[in-house]
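All heavy atoms count here, side chains included; hydrogens, waters and symmetry mates do not. Positions are given from 1, in the same order as the sequence printed here.
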Amino acid sequence: PLGLEARPGPGGATLIVPAREAGPSGTVRGRVVSAGLGTPIARALLQIHGTGVHATTGPTGEFLISPVPAGIHDLIVEAAGFEEFTVRSVDIRDGVTAPLLIRLRAQPTYMAEVVVTPGKVSVLREDLAAGLAVDMDDAVLVPTLGGDVSRVVESLPGVAAADNSAAFNVRGAETRDVAMVLDGLELIEPFHLQRFQNPFSFVDATLVERLDFYAGGFTAEYGDRHGGFIEMSTETPVDRSHGRVQLGTINTRLACEAPLPGAKGSWLVSARTWYPEALWDTLELGEGGLQPRFQDLYAKVSLNVSPRTVLSAHGLFAAERLDFFAPEDDESTDATTHSGYAWIRALNSWNESWYSETVLSSGRFRRTRTGISAPEDDVVSVRDDREVRFAGLKHDSSFQWTPSQILKAGFEVRWLAAEYDYFLRDDAGSDLVPPVAIDPRGTSLGLYLAHRSSLHPRLAAEIGLWWDKQT
């Protein structure tokens, strides 16, 4: 107020000197979130390099740095449990606010706590918000075939699976009662070679940054599932671009990922092709003449639309072909399967209390099997053609009503259509059994509402209601 300012002096002294005239300055405003799920990071430290200007994030991850001298500056961001990140060349202009959305990657060797309970086990890289963590360095030590994420899950308590299958059971539930969710979308039968005990899944374990496994005690937002529930989030490049080429005894993997210019988002692509001849005996594919081939591809583009909104587009595709020929028995089979998912995901933080997630999706699966057999010199031909299509919309909202109460609500609408065509004929073209041709269609609707309240610093209670209908 007197035109004076304090400056550091020699020997730790503080000097009171005439204040310098303030030059042009601007403001940096934004939000710091985790790269895995987009959850806010509180108490992160942000520093304008080369100046004494700094700030920390609040409970919602938001920050405001002002005044910042006009010019080009680097912004350094630090948070406990996360890798340090530098936003390069932030352009600060006089009287202008620069908005930023900063995504931090969790430290791969950071471990706050390891807890195994009947309800939830978190594996792979974990953010501090959950409090249950096993780092990726430990997870990759689990013996797996071809980097399959399902093999990691099979090592957890309460999970049972055959050695030659990627499908598993949780606490006695059937495989179809276990939901696998990848980046917000529930996958339908995400396994290769389903006619041969599902030896591999579509999901590449090296892409998964975070995996949460729920074995029981589901709250309302998880719907009517009676088995396990698995949520997987793929990694998000935040600092540099890089690629990987992996050659193995049963598959080859190619991957590439990179951030977009100006910290506006990121993209990644991963493709695998399999050649499991080395494991025929183990996977019960050892019949003479049986030759399976299959591939899968995952792609993601993530855009930081604003400091409060992240929009991402995803695609997961898989194809397989299995040929069998036994000339001594005059038998041959040709089976193909094609699966495809495409979805758009929006993560929004509307204000300090309201957070939402919306997923718009579609998919198509087709299986075709044709074959000829000659039992006792009678030629028999078969054709089995199946196709399923779906489209869906899912929305979840969480609202912090008071510091000790949270309201959650959401809905899911899914349209499904299927076609099934089957016949079994002799060499004269006559049907040996009545042919089947059906095309069922329907819609599934689900709604939920839940309320969570903190009764004590160590005790919380939640009550919820789920309603669904199928037509």
Side-chain angles (χ1 to χ4, degrees), residues 34-38 83 85 101 103-106 108 124-125 136 139-140 144-152 166 180-188 190-192 200-211 230-248 250-275 293-305 310-321 337-347 359-365:
S34 66
L37 289 181
E83 297 177 352
F85 180 64
L101 177 63
R103 303 168 70 94
L104 298 185
R105 187 194 300 271
L124 302 185
R125 201 172 296 167
M136 182 175 286
V140 297
T144 64
L145 288 175
D148 195 340
V149 71
S150 294
R151 308 290 176 168
V152 178
M180 295 183 67
V181 178
L182 178 65
D183 287 336
L185 178 68
E186 181 177 350
L187 305 180
I188 302 174
F191 302 105
H192 289 294
F200 305 103
S201 75
F202 296 167
V203 183
D204 184 356
T206 59
L207 292 179
V208 177
E209 183 174 57
R210 168 173 172 153
L211 187 153
I230 299 169
E231 291 183 316
M232 297 173 287
S233 297
T234 55
E235 62 181 343
T236 300
V238 294
D239 50 1
R240 59 187 178 86
S241 60
H242 63 272
R244 306 187 191 108
V245 177
Q246 297 178 352
L247 302 177
I250 61 173
N251 67 5
T252 295
R253 176 177 179 268
L254 302 175
C256 187
E257 57 185 53
L260 296 177
K264 295 181 180 180
S266 62
W267 61 271
L268 68 85
V269 177
S270 176
R272 299 183 299 175
T273 183
W274 300 75
Y275 34 88
R293 286 290 184 274
F294 42 98
Q295 302 82 31
D296 50 63
L297 169 71
Y298 176 76
K300 177 177 76 169
V301 177
S302 180
L303 300 176
N304 303 328
V305 179
V310 177
L311 185 66
S312 57
H314 310 252
L316 177 64
F317 309 95
E320 60 188 61
R321 183 182 183 92
T337 301
H338 295 88
S339 303
Y341 304 82
W343 68 102
I344 297 174
R345 185 188 193 192
L347 301 175
V359 177
L360 178 65
S361 61
S362 66
R364 178 178 178 268
F365 321 101

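Applying the side chain to side chain donor-acceptor pair (under 3.5 Å) criterion to Asn304, with sequence neighbours excluded, gives no partner residue. In this structure Thr252 satisfies the side chain to side chain donor-acceptor pair (under 3.5 Å) test together with Tyr275, sequence neighbours excluded. Evaluation of the ring pair (Phe, Tyr, Trp, His ring centres under 6.0 Å) rule for Tyr298 yields no partner, not counting sequence neighbours. Contacts of Ala313 classified as side chain to side chain contact (heavy atoms under 4.5 Å, CB included), with partners at least two apart in sequence or in another chain: none. For Arg321, the salt bridge (charged side-chain N to carboxylate O under 4.0 Å, His left out) partners two or more places apart in sequence, or in a different chain, are Asp323, Asp334. When the side chain to side chain donor-acceptor pair (under 3.5 Å) test is applied to Ser201, the partners found at least two apart in sequence or on another chain are Asp148.
Interatomic distance, Asp204 CG to Arg253 CZ, rounded to the nearest 0.5 Å: 4.0 Å.
Nearest heavy atoms, Asp183 versus Trp343: O-NE1, 3.1 Å. The shortest heavy-atom contact between His192 and Gln295 is CE1-O, 3.3 Å. Nearest approach of Val359 to Gly184, heavy atoms of both residues: CG2-O, 3.8 Å. Residue Thr206 comes nearest to Glu235 through the heavy atom pair O-OE2, 3.9 Å, listed as atom of the first residue, atom of the second, then distance. Closest of all the heavy-atom pairs between Phe191 and Ala166 is CE2-O, 3.5 Å. The minimum heavy-atom distance linking Thr236 with Ser266 is given by the pair CG2-OG, 3.2 Å.
Considering Tyr341, Phe317, Phe202 in turn, Tyr341 is the only one that fulfils the ring pair (Phe, Tyr, Trp, His ring centres under 6.0 Å) rule with Phe365.
Within the 4.5 Å cutoff, the side chain of Val310 has no heavy atoms near those of the Val305 side chain.
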Evaluate the criterion side chain to side chain contact (heavy atoms under 4.5 Å, CB included) for residue pair Leu316 and Leu182; output intermediate values, then yes/no.
CA-CA 10 Å; Leu316 177 64; Leu182 178 65; 4.2 Å; yes
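For Thr234 and Lys300, the side-chain atoms include at least one donor-acceptor pair closer than 3.5 Å.
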